[in-house]
**Q** 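Here it is, the structure, as structure tokens.
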Amino acid sequence: MRELSSVVAGQARAGSERARDVNPARPSEVLAETLLADASIAAEAAEAARAAFSGWRAASPSERGDVLRRAGDRLERDAGEIGREFAREEGKTLAEAVGETRRAAAILHYYAGQTFEPEGDVYPSAGPATLLYSRREPVGVVVAITPWNFPLAIPAWKIAPALAFGNAVVWKPAELVPLTSLHLFDALAESGLPPGVLNVVLGRGSVVGSVLVTHPEVSAVTFTGSNEVGRNVQLEALQHGKKAQLELGGKNPAIVLANADLELAAEQVARGAFLSAGQKCTATSRVIVERSVHDELAARVAELARTWKVGDPLDEQTKVGPLVSDAQLESVLGYLDVAHREHATVHAGGGRADGLGGGYFVQPTVLSGLNGESAVVRDEIFGPVAAFLPADGYDEAVALANDTPFGLTAALFTRDLGTALRFTREIRAGVVKVNQETAGLEFHVPFGGMKESSSGSREQGKVARDFFTEWKTVYMDPA
Ligand code: NAD
């Protein structure tokens, strides 16, 4: 049995509590055991990062960039092998897992290039001989807390810019994905990153979270996960004077108007709702359809839901793998119970996918006839469940789409350019798509949500620099 440990200052650090890492497609298959970090290991990680920070911030842009580039090369080279382990651990299909590994490589390569971007501005000054400039400096020690649903891409888009701009990092991955997480850590550690510049703490959030977020050596906390945990992390971070960045949940709408290409809309809605078994913060979970085409679109999406193969992620025919854990399965089935109790019309799915070796599989599900106040319509479900709602025209559709505390992504399907442009202005979401699914991001543009979906500056692309650096303004006169 493989035993997995945290790594602090380049040294393996094992805690005494053990957690089993299982294959969600076949829960009797134990992949590894994690020797979970305790509070003292977490505190040591913050101290190790602080000790390594001054050396790393002094490294040249090309030294920092070279480490990131080599780590990206390793991930790219080993994507097939890493993707297999990732699919077995997290439950994404092999194609999705290999694709995400390649995405992480591309993110590392992108930020390798960012180390050479300008880092400040020179200003005219009131003093005729004054050199007045402002430049960005690393914030110091960054804590990155990440979820299980994108175990490589999300950590990469936090850790790569943090390192590129000269910070040291303590990374706390989600407990469910230690094997996959260690691939990213190893790629960096084996590419010349000095010990202590990146430390990985494999521990329970409830045990190590507060220690990291409040540690005096920590300067900033970047968090992606649920709203409930994220709000507490934000409060703790702010109370202790740390910078905080949060990427939280979504309840993302796709609006389909009668003048849309319905075949395209059905395919994109199904992709957004069912791929990765719906476990994406950007997943499509509300499908708001102009009444005249509501039943036809529901029938088209239901047809895809019934025909897309649910099964082992390693089977190349599989489009929908298992949910990540028994807790996630229970939670999604709980929402399906609510739908049944509220007499929803079930166009496809509606329950557990049985006969698949006890794995945590749920049928891709298409529901309609739910009240707008139903928990199924309001809560983030994080499973392959699409709730259809009819609307009388564009205005009502946008009002329904905006009727949520979340504001991460949103899509509109229409052939009318004017309506599409109005939508881009009127929808309250950080990412807006027209004739594309709500999920699926490119890594070189800002990402984040409005309202309760995010807080702090945006992630990804050039703007990631905002969070991982702070300004210093210099007034310099000749003697
Ligand atoms: P989660 O909030 O349960 O856990 C996220 C991370 O926080 C994990 O590493 C966890 O161990 C840690 N954590 C738990 N308790 C903590 C504490 N007290 N202090 C500090 N850290 C703690 O979320 P999850 O179930 O891993 O992920 C699913 C959620 O993530 C969904 O709500 C999803 O929408 C959200 N998500 C958001 C985005 C985005 O970019 N907006 C992307 C992916 C996932």
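Predicted, not measured: the structure shown is a model, and the values here were computed from it. When a ligand or atom number is given, it counts from 1 through the structure's own listing order.
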**Q** Determine whether any protein heavy atom is located less than 4.0 Å from atom 4 (O) of ligand 1.
**A** no

**Q** Residue-level breakdown please: for K172 versus ligand 1, do any non-hydrogen atoms fall below 4.0 Å on the side chain, on the backbone, on both, or on neither?
**A** both

**Q** Are Q245 and T222 linked by a side-chain donor-acceptor pair shorter than 3.5 Å?
**A** yes

**Q** Below a 4.0 angstrom heavy-atom separation, can you tell me which part of F223, side chain or backbone, both or neither, approaches ligand 1?
**A** side chain

**Q** Checking contacts here: is it the side chain or the backbone of L248 that comes within 4.0 Å of ligand 1, counting heavy atoms only? Could be both or neither.
**A** backbone

**Q** Rounded to the nearest 0.5 Å, how far does CZ of R378 lie from CG of N371?
**A** 10.0 Å

**Q** In terms of side-chain geometry, is the basic nitrogen of E117 or K462 positioned less than 4.0 Å from the acidic oxygen of its partner?
**A** no

**Q** Between the side chains of Q234 and S455, is a donor N or O closer than 3.5 angstrom to an acceptor N or O?
**A** yes

**Q** Nearest protein heavy-atom contact for atom 34 (O) of ligand 1: which residue, which atom, what distance?
**A** E380 OE2, 2.5 Å

**Q** Less than 3.5 Å apart, any donor N or O on the side chain of K251 or T404 sitting next to an acceptor on the other?
**A** no

**Q** Checking a contact table here: which protein heavy atom is nearest atom 28 (C) of ligand 1, and how many Å away?
**A** F382 CE2, 3.7 Å

**Q** Any idea which atoms of ligand 1 are less than 4.0 Å away from a heavy-atom of T224?
**A** 5 (C), 36 (N), 37 (C), 38 (C), 39 (C), 40 (O), 42 (C), 43 (C), 44 (C)

**Q** Of T284, L304, V301, which meets side-chain contact (heavy atoms from CB on, under 4.5 Å) against F274?
**A** V301

**Q** Which atoms of ligand 1 have any heavy atom of I145 under 4.0 Å away?
**A** 6 (C), 7 (O), 9 (O), 12 (C), 20 (C), 21 (N)

**Q** With a 6.0 Å cut-off (strictly less than), is the heavy-atom count around CZ of R84, excluding the residue itself, greater than 12?
**A** no

**Q** Considering heavy atoms of the protein only, find what lies nearest to atom 35 (C) of ligand 1 and give residue, atom and distance to 0.1 Å.
**A** G225 O, 3.1 Å

**Q** In terms of atom number and element, which parts of ligand 1 are under 4.0 angstrom from non-hydrogen atoms of V233?
**A** 19 (N), 20 (C)

**Q** With a 4.0 Å cut-off, would you call E17 and R204 a salt bridge?
**A** yes

**Q** Between K92 and E89, does any side-chain N to carboxylate O distance fall below 4.0 Å?
**A** no

**Q** Tell me whether K243 forms a cation-pi arrangement with F468, defined as NZ or CZ under 6.0 Å from the six-membered ring centre and within 45 degrees of its axis.
**A** no

**Q** Below 4.0 angstrom from a heavy atom of E175, which ligand 1 atoms are there? Numbered from 1 as shown, please.
**A** 10 (C), 11 (O)

**Q** So does K242 pair up with E236, basic N to acidic O under 4.0 Å?
**A** no

**Q** Which bit of L212 gets closer than 4.0 Å to ligand 1, counting heavy atoms only: side chain, backbone, both or neither?
**A** neither

**Q** Tell me, which protein residue and heavy-atom name are nearest atom 2 (O) of ligand 1, and how many Å apart are they?
**A** S226 OG, 2.6 Å

**Q** Go through the side-chain N and O atoms of S276 and E96 and say whether any donor and acceptor fall under 3.5 Å apart.
**A** yes

**Q** Could you list which atoms of ligand 1 come closer than 4.0 Å to a heavy atom of V229?
**A** 2 (O), 13 (N), 14 (C), 15 (N), 16 (C), 17 (C), 22 (C)

**Q** Tell me which protein heavy atom sits closest to atom 27 (O) of ligand 1, plus the residue, atom name and distance to 0.1 Å.
**A** P147 CB, 3.3 Å

**Q** Judged on heavy-atom distance to atom 18 (N) of ligand 1, which of S453, G209, G205 sits nearest?
**A** G205

**Q** Pick one of side chain, backbone, both or neither for how N149 approaches ligand 1, counting any non-hydrogen atom pair under 4.0 Å.
**A** side chain

**Q** Measure the distances from the heavy atoms of N232 to every atom of ligand 1 and state whether one is below 4.0 angstrom.
**A** no

**Q** So is G448 touching ligand 1 or not, going by heavy atoms under 4.0 Å?
**A** no

**Q** Are any of the side-chain nitrogens in E76 or R102 under 4.0 Å away from the carboxylate oxygens of its partner?
**A** yes

**Q** In terms of atom number and element, which parts of ligand 1 are under 4.0 angstrom from non-hydrogen atoms of T146?
**A** 6 (C), 8 (C), 9 (O)

**Q** How close does the nearest protein non-hydrogen atom get to atom 42 (C) of ligand 1, and which residue and atom is it?
**A** C281 SG, 2.8 Å

**Q** At a non-hydrogen distance cut-off of under 4.0 Å, which region of E459 contacts ligand 1 (side chain, backbone, both, or neither)?
**A** neither

**Q** Any atom of ligand 1 sitting under 4.0 Å from a heavy atom of W148?
**A** yes

**Q** For ligand 1, which atoms, with element, lie under 4.0 Å from some heavy atom of F447?
**A** 40 (O)

**Q** Counting each atom of ligand 1 from 1 as listed, which ones have a heavy atom of P173 under 4.0 Å away?
**A** 9 (O)

**Q** Parallel under 30°, tilted from 30 to 60°, perpendicular over 60°: which one fits the rings of F388 and H347?
**A** tilted

**Q** Answer yes or no: is there an ion pair linking R2 with E85, defined by an N-O contact shorter than 4.0 Å?
**A** yes

